[in-house]
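To keep things clear, I will list the structure first and then write my remarks on it.
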Amino acid sequence: MATAAWLGLAAACSTMTLIIFVRYLVVSGVFVWIGEKRRPGLHKGLSRQMRHEVAWSSVSSLIYAVPAAIAAWGWHAHGWTKIYTELQPRDVWWIPLSLILVLLFHDSWFYWTHRLMHRPRLFKLVHAVHHKSRPPTAWAAMAFHPLEAVTGAIFVPIIVFVLPLHIAVVGAVLAIMTLMGAANHAGWEILPQSLVRGKIGNWLISATHHEVHHRFYSRNFGLYFRFWDRLMDTDGGLK
């Protein structure tokens, strides 16, 4: 690879790291701030834990940035990916369908890699970093051991080489990942209880659902949906 290409890739990695970390700080910071406004003292006694969460998340930002930068650089400079920008007649149905498909594939990837991380040896060596957040705060959204961060970082960069996705779908997936990552670790519920405990909530991951995972470890492994938890009998319900 020519020097100019290496420099371009290095610049993309640096830019992507900054974007991911600033996005994390802003979104998680807003959830922490709102939580304190709604429930004063929500994070009392958790300052050391929150420093731990931010420190590990800063490392994860770099890890997430590398494959994202490679995909973005490859798309912009070489057209390697299947990301496209021009609207096509099929997009009337393909854009919503492709968004649903990516979320379903991502949820499946997360569920099974997450369960793998709960194998005793991997948990002790890797996933225990994330589970030091008890109770979790929104700062824990990216607080992963580097090996676990890799499993999360590669999904979207891989999927853009497999499925033709409009750039708006890629942006929507990244926004949903970021918002749900922070919201589901916030320690307070952003969704109305009528939804969380209603028919729709029976199939969606929420902060209420995910906090059970941080308390009991052996249940509620999903990311967006409760489908795999229900199918595999790992759904522990709500607290």
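We use all heavy atoms of the structure for the numbers below, so side chains are in, but hydrogens, waters and symmetry mates are not. Start at 1 with the first residue, then count along the sequence. Just so you know, these numbers come straight off a predicted model, no measurement behind them.
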In this structure, are over 12 heavy atoms from other groups packed under 6.0 Å from Trp33 atom CH2?
no
For the pair Tyr217 and His118, evaluate side-chain hydrogen bond (donor to acceptor under 3.5 Å, both in side chains) and give the outcome as yes or no after the intermediate values.
CA-CA 8 Å; Tyr217 293 18; His118 276 263; over 6 Å; no
Heavy atoms of Ile176 and Leu99 approach each other most closely as CD1-CD1, 4.3 Å
A side-chain contact here means heavy atoms from C-beta on lying under 4.5 Å apart; do Tyr64 and Val156 qualify?
no
Scan side-chain atoms only and decide if Tyr24 and Ser60 contain a donor-acceptor pair under the 3.5 Å cut-off.
no
With a 4.5 Å limit on heavy-atom distance, are the side chains of Pro146 and Val59 in contact?
yes
Is the side chain of Glu53 donor-acceptor paired with the backbone N or O of Ala143 at a distance under 3.5 Å, no angle test?
no
Heavy atoms, side chains only, cut-off 4.5 Å: are Gln49 and Lys132 in contact?
no
Is the number of heavy atoms from other residues, nucleotides or ligands within 6.0 Å of CZ (Arg230) greater than 12?
yes
Starting from the C-alpha separation in whole Å, work towards a yes-or-no answer on ring-ring contact (aromatic ring centres under 6.0 Å, His included) for His185 and Trp139.
CA-CA 8 Å; His185 290 90; Trp139 295 122; over 10 Å; no
Given 3.5 Å as the limit, does a donor-acceptor pair link the side chain of Thr113 with the main chain of Phe110, or not?
yes
Could you tell me if the side chain of Ile158 sits less than 4.5 Å from the side chain of Pro67, heavy atoms only?
no
So that I know where these two stand, are Phe123 and His131 an aromatic pair - ring centroids less than 6.0 Å apart?
yes
Taking Trp109 for its side chain and Thr151 for its backbone only, find out whether a donor-acceptor pair lies under 3.5 Å.
yes
Is there a donor-acceptor pair closer than 3.5 Å between any side-chain N or O of His209 and the backbone N or O of Leu238?
no
Under the 6.0 Å and 45° cation-pi test, does Arg90 pair with Tyr84?
yes
Is any side-chain heavy atom of His114 less than 4.5 Å from a side-chain heavy atom of His130?
no
Would the distance check show the side chain of Trp188 and the main-chain N or O of Ala207 forming a donor-acceptor pair, the cut-off being under 3.5 Å?
no
Tell me whether Arg39 contacts the main-chain N or O of Gly187 through its side chain, where contact means a donor paired with an acceptor under 3.5 Å.
yes
Student check: side-chain heavy atoms of Phe221 and Met117 closer than 4.5 Å
no
